[in-house]
Amino acid sequence: MTRTLISNGLVVDPAQGIHRRIDVLVVDGRIADLRAGIPAEQADETIDAEGLVVAPGFVDLHVHLREPGGEGSETIASGTRAAARGGFTTIFAMPNTNPVCDSQTGVAYLLSRAATEGAVKVVPIAAVTIGQKGEELTNLGTLKSVGVGAFSDDGRPIMNAQIMRRALEYTRMLEMPIFEHCEDMDLSGEGVMHEGLMSLRLGLRGIPRVSESIMVARNVALAAATGGHVHICHVSTRESVEAIREGKRNGVRVTAEVSPHHLTLTDDAVADYNTHAKMKPPLCAEEDRLALVAALEDGTIDCIATDHAPHSVTAKNDVFDAAPFGVIGMESAFPVLYTEFVRPGRWSLDFLIDRLTIGPARVVNRPLGTIRPDSPADIALLQLDAEYRFDESCLGSKSRNCPWLGRSMAARVAATIVEGRVVWRNEACFGGAKTPTRKRGGKKS
Ligand SMILES: [Zn+2]
């Protein structure tokens, strides 16, 4: 039996309404006790969390691990390392690998690789249609039985409304969500960024805002017609927010996520043809960004998901038109959102943690995102009073396509614990990092 005591930290677990300085006792990978003054003798080892926040490990519903087929950009090992760096203890892996994860074999491969190579827990998402071609449904029932957490053709939309309708009918029976990348491919055409003044100025082809919202509206309508659960990925525009809000008001089973980059950046970031600001859906206008923030605040958008999308340095160094869409996001998510929203006082720390933990857990209806007694000891230790430059040394990913490299941040992940095991630890955050003469607290794990 292994007994670890996490002592003296400020425990923040929004699912339980806890925001108190208490100790956490972990026995054999599960939370055994949560209260003040647990004697150190009850544990074999102690992690001194003095000055740190003890939160449930974050849950990311939207991650591209690239393995198999894209190991040059990311692997299951490097992608889960990025997750651990970011405080994420469970990540949902999108199926747009090569080959596409659309069969039992694909799911088994991912699960076995994650079990041997993964730093954190990986939940496979299987494709809705075979090869993500949008034509023929995969064997949804079988895929559910082998452990997938959701279905998605992300990377692209399901353009055929009849296929989407059938998929929602089946998944309703299975009580599983479809994670949908909402984009009308005809409207997007050859667009590479948000269609607006900036695209005009830069002479780049634009993606009209309606490209997303028309599909959000369609999918909300199909969810209403079928009773199925559609989860809208990476919402980016004000009109999409309105369609989701209206759907929720009418009792439709629609949930939604927003990415850190859509919450903090606009198409201004593209100004110097910065390919680290090229993603789908594209960064939109300030009014869209503000609508997303408000929607996350009022619960129209349920959670934050990173859409971690690694691409090699060579690919991203190409000219803007040719560079691939997407940015990495797990390592930077908590630091950037804390710095942008919590430190200036717009959000409470509890709110941000809620939207990274129990928020996503509710979308997939899984017992994640909380550290109640007897749940797995999946924990993120956070340091809030940090001031540092976020650079490449902060990344765990194989790729470098992070839009926040070089900026100064006000918080960081001090350690990440998965089922009681420390999978990431930043020594600088422990025991007197600020006064190096003081003796180091806490045992190494
Ligand atoms: Zn997508």
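For ligands, and for the atoms within them, numbers begin at 1 and follow the listed sequence. Position 1 is the first residue of the sequence; numbering continues from there.
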### Message
Considering the Zn ion (ligand 1), could you give the total of protein N/O/S atoms lying closer than 2.8 Å?
### Response
3
### Query
Excluding sequence neighbours, so at least two apart, what forms salt bridge (charged side-chain N to carboxylate O under 4.0 Å, His left out) with E135?
none
### Message
Can you confirm whether D268 sits close enough to E286 that some side-chain heavy atom of one is under 4.5 Å from a side-chain heavy atom of the other?
### Response
no
#### Entry: Centroid separation F179 to F151 less than 6.0 Å
no
### Task
Look at the rings of Y388 and F390 and say which category their plane angle falls in: under 30° parallel, 30 to 60° tilted, over 60° perpendicular.
tilted
### Task
Verify whether the ring centers belonging to H234 and H181 lie closer than 6.0 Å.
yes
#### Entry: Geometric class of the H261/W404 ring pair [parallel <30°, tilted 30-60°, perpendicular >60°]
tilted
